[in-house]
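Just so it is clear, the structure is predicted and the values come from calculations on it, not from any experiment.
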Amino acid sequence: MFLLYEYDIFWAFLIISSVIPILAFLISGLLSPIRKGPEKLSSYESGIEPMGDAWLQFRIRYYMFALVFVVFDVETVFLYPWAMSFDVLGVSVFIEALIFVLILIVGLVYAWRKGALEWS
């Protein structure tokens, strides 16, 4: 039979971990001073008065390189624990990791052929 009282600690943790950030935001909103002025509304650039327009367009190449970096960084995070316990896990996990790496390689080849990794 499924007993809900076994999950009391989980529900207490969930409620407390939800209430603490909400209370922190509410209390900081109530206690913070609200003063609007020209100094408060100006943008901040390392203590220097901003020059020019703040809206600059960045090339999509920057985002593509960042995305490729994040994908392969996450791949490393997933493969490191697998490599540390390779001898214990067996052949089936090796095949799963191989499929995971092959999917990422297919994505890399696709991005390479589309020219997403060329900087020119």
Side-chain angles (χ1 to χ4, degrees):
M1 182 174 180
F2 184 70
L3 302 173
L4 288 177
Y5 66 86
E6 293 178 358
Y7 291 96
D8 288 345
I9 294 174
F10 169 75
W11 291 115
F13 178 76
L14 186 68
I15 290 169
I16 290 171
S17 63
S18 299
V19 167
I20 288 176
I22 292 170
L23 283 176
F25 279 115
L26 289 175
I27 291 171
S28 68
L30 292 173
L31 296 179
S32 65
I34 300 172
R35 295 186 198 115
K36 291 187 180 178
E39 195 67 31
K40 192 78 156 174
L41 295 175
S42 69
S43 59
Y44 181 75
E45 293 182 8
S46 302
I48 301 171
E49 285 293 321
M51 298 167 30
D53 192 15
W55 293 100
L56 299 175
Q57 288 186 345
F58 289 99
R59 294 179 60 191
I60 191 70
R61 302 265 185 236
Y62 296 118
Y63 299 109
M64 292 302 293
F65 275 99
L67 186 62
V68 169
F69 171 75
V70 167
V71 165
F72 285 99
D73 196 38
V74 169
E75 174 193 14
T76 305
V77 168
F78 281 123
L79 287 179
Y80 184 73
W82 169 79
M84 290 293 104
S85 59
F86 176 71
D87 56 345
V88 178
L89 297 175
V91 178
S92 64
V93 176
F94 173 73
I95 293 171
E96 290 174 7
L98 190 64
I99 291 170
F100 175 68
V101 170
L102 287 175
I103 289 172
L104 288 175
I105 289 173
V106 167
L108 178 64
V109 169
Y110 175 77
W112 201 332
R113 289 214 176 153
K114 283 290 195 178
L117 302 177
E118 293 178 13
W119 195 256
S120 60

Is it true that, when you exclude F13 itself, more than 12 heavy atoms of the residues, nucleotides or ligands shown sit nearer than 6.0 Å to its CZ?
no

Is there a path of hydrophobic side-chain contacts, each under 4.5 Å between heavy atoms of I, L, V, M, F, W or Y residues, that connects V106 with Y110?
no

Is there a chain of hydrophobic side chains (I, L, V, M, F, W, Y, each step under 4.5 Å between heavy atoms) that links I9 to Y7?
no

Value for OG (S32) from CD1 (I27), rounded to nearest 0.5 Å, stands at 12.0 Å

Hey, what do you get for CD1 (I95) to CG (L102), rounding to the nearest 0.5 Å?
11.5 Å

Give a yes or no on this: more than 12 heavy atoms of other residues, nucleotides or ligands lie within 6.0 Å of atom CH2 of W82.
yes

At what distance, to the nearest 0.5 angstrom, does CD1 of I15 lie from CH2 of W11?
8.0 Å

Same apolar cluster: L89 and Y80, side chain cutoff 4.5 Å:
no

Run the side-chain contact (heavy atoms from CB on, under 4.5 Å) test on L26 and I22 for me, step by step, so that the C-alpha distance in whole Å, both residues' side-chain angles and the decisive distance to 0.1 Å come before the verdict.
CA-CA 6 Å; L26 289 175; I22 292 170; 4.0 Å; yes

Side-chain heavy atoms nearer than 4.5 Å, only ILVMFWY residues, links allowed to pass through others: does that put V70 and L104 together?
yes

Does a sphere of radius 6.0 Å around CZ in F78 hold more than 12 heavy atoms from other residues, nucleotides or ligands, not counting ones at 6.0 Å or beyond?
no

State plainly whether one hydrophobic cluster holds both Y63 and L67, where clusters connect Ile, Leu, Val, Met, Phe, Trp and Tyr through side-chain heavy atoms under 4.5 angstrom apart.
no

Any side-chain heavy atom of I99 within less than 4.5 Å of one from I103?
yes

Mind checking the CD1-CZ spacing from I20 to F25? Nearest 0.5 Å is all I need.
13.0 Å

